[in-house]
Amino acid sequence: MAVLVFGHKNPDTDTIVSAIAVADLKNKLGVEAKAVAQGEVNPESAFVLDKFGLTAPEVVTSVAGQQCILVDHSDLAQSPDDLGDAEVVGVVDHHKLGDVTTSNPLEMWVWPVGCSCTVIKGMYDFYGIEIPKGIAGAMMCAILSDTVMFKSVTCTDQDKAAVEALAKIAGESDTMGLGMEMFKVKSAVEGTPMRDLVFRDYKDFDMSGNKVGIGQLEVVDLAILEPYKADLLAEIKAVKAEKGNHSVFLLLTDIMKEGSVMLIASDDGSVVDKAFGQSGDTEVWLDGVMSRKKQVVPNFEKAFA
Ligand code: MN
Ligand code: MN
């Protein structure tokens, strides 16, 4: 039976492309592996897959009894609900170590870089295996996406070097142009249900016993989202009530202005003040804040502690 390779819930481009790339590498190393995903691909990922002639992984939400490699996450909350009945044989990630545990030794590739695909570039190099052109192009896009075209504080020199090397393999000369094109696709919100926008890149966290949801929408210009702000706020309030969360926050990130408006639905809005030194009933502007992982989650974790 093939080892299943998959990323987190609400898959983003890194999660999708990492699963495809790790499955490719494993197959070339003689381990039968299959890329799957916990949901349909988002518009940005669809654009990237189409651009490089790749197909979206099959959607799989139950993994009981299977061998699994986790990419782009190591949190139980981000994994399939029955992961406990599966065997995790590998983790490839760039987040803080999560709460996944194993009963057997496993392979772990976890680096403090801006994107899982940067780690995977290192894995291909380690084994001396050539990256197929299409996969290289998609990995390059995943890194540009996760690092917001190198602007995110999570971006490292390794990410930049990986993009340069992958662009060569993919034969892409205008990487930043392609990145911008990708972010324009990502910015398109017209006709999309508010719920889909809230969940496009959404994660729940356990913060000192409080369930806190944080979503993020990245756009090339916040003006695109201005007409939808009231509806988005109403939607995160509804999501908070349905999930029984303490809070649901939605970051509206302007990648050109390099900052985020954060919409707030919370039982106790003072956590925002504690986390960022700024107060607002329904929203605050967080200048320079673009990374949920490095600039938002740690602040809230301290505020909730
Ligand atoms: Mn991800
Ligand atoms: Mn990632």
Side-chain angles (χ1 to χ4, degrees), residues 5-23 25 35-49 56-57 59 68-80 83 90-100 108-124 135-136 138-156 158-160 162-163 166 179 182-183 185-186 197-205 213-218 250-251 253 255 290-298:
V5 187
F6 52 85
H8 53 76
K9 287 176 175 152
N10 302 313
D12 56 14
T13 299
D14 185 26
T15 263
I16 294 294
V17 176
S18 291
I20 292 171
V22 168
L25 178 61
V36 295
Q38 296 190 65
E40 301 293 338
V41 298
N42 67 29
E44 180 198 74
S45 306
F47 165 82
V48 171
L49 294 177
V59 174
C68 306
I69 296 173
L70 312 185
V71 295
D72 203 29
H73 76 293
S74 65
D75 294 291
L76 291 172
Q78 297 297 327
S79 256
L83 188 77
V91 174
V92 179
D93 193 20
H94 67 120
H95 294 86
K96 76 179 172 73
L97 200 56
D99 50 4
V100 165
M108 284 195 84
W109 294 78
V110 183
W111 295 0
V113 292
C115 182
S116 299
C117 281
T118 302
V119 182
I120 298 165
K121 168 73 172 64
M123 292 170 72
Y124 275 103
I135 290 180
M139 286 170 67
M140 178 191 82
C141 282
I143 299 170
L144 291 173
S145 174
D146 261 17
T147 65
V148 196
M149 299 203 286
F150 305 150
K151 286 180 181 180
S152 170
V153 290
T154 60
C155 186
T156 67
Q158 281 163 285
D159 298 300
K160 292 178 187 170
V163 163
L166 291 165
M182 182 179 70
F183 272 97
V185 171
K186 191 178 202 170
L197 292 179
V198 170
F199 284 118
R200 188 172 279 178
D201 179 9
Y202 176 95
K203 287 178 183 170
D204 271 316
F205 300 87
I214 308 174
Q216 183 170 29
L217 288 171
E218 288 166 330
L250 183 63
L251 297 159
T253 300
I255 69 164
M290 301 176 78
S291 166
R292 170 174 55 198
K293 182 171 70 179
K294 273 209 169 169
Q295 295 171 293
V296 178
V297 171

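In listed order, ligands and their atoms are each counted from 1.
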Peer 1: Between Ser18 and Asp72, does any side-chain donor sit less than 3.5 Å from a side-chain acceptor?
Peer 2: no
Peer 1: May I ask you to check whether His73 brings an N, O or S atom to under 2.8 Å from the Mn ion (ligand 1)?
Peer 2: no
Peer 1: Where the Mn ion (ligand 2) is the centre, what is the NE2-to-OD2 angle for His94 and Asp14, rounded to 10°?
Peer 2: 100°
Peer 1: Run the salt-bridge test on Lys203 and Asp75 with the 4.0 Å N-O cut-off and return the result as yes or no.
Peer 2: no
Peer 1: In terms of relative ring orientation, are Trp111 and Trp109 parallel, tilted or perpendicular, with 30° and 60° separating the classes?
Peer 2: tilted
Peer 1: Any N/O/S atom, side chain or main chain, of Asp12 closer to the Mn ion (ligand 1) than 2.8 Å?
Peer 2: yes
Peer 1: Below 2.8 Å, can you find an N, O or S atom of Asp72 next to the Mn ion (ligand 1)?
Peer 2: yes
Peer 1: With the Mn ion (ligand 2) as the point of reference, which N/O/S atom of Asp146 is the closest?
Peer 2: OD2
Peer 1: Among His73, Gln38, His8, Lys9, whose side chain to side chain donor-acceptor pair (under 3.5 Å) with Thr15 holds?
Peer 2: His8
Peer 1: Hey, does the side chain of Lys293 reach the backbone of His94 with a donor-acceptor pair shorter than 3.5 angstrom?
Peer 2: yes
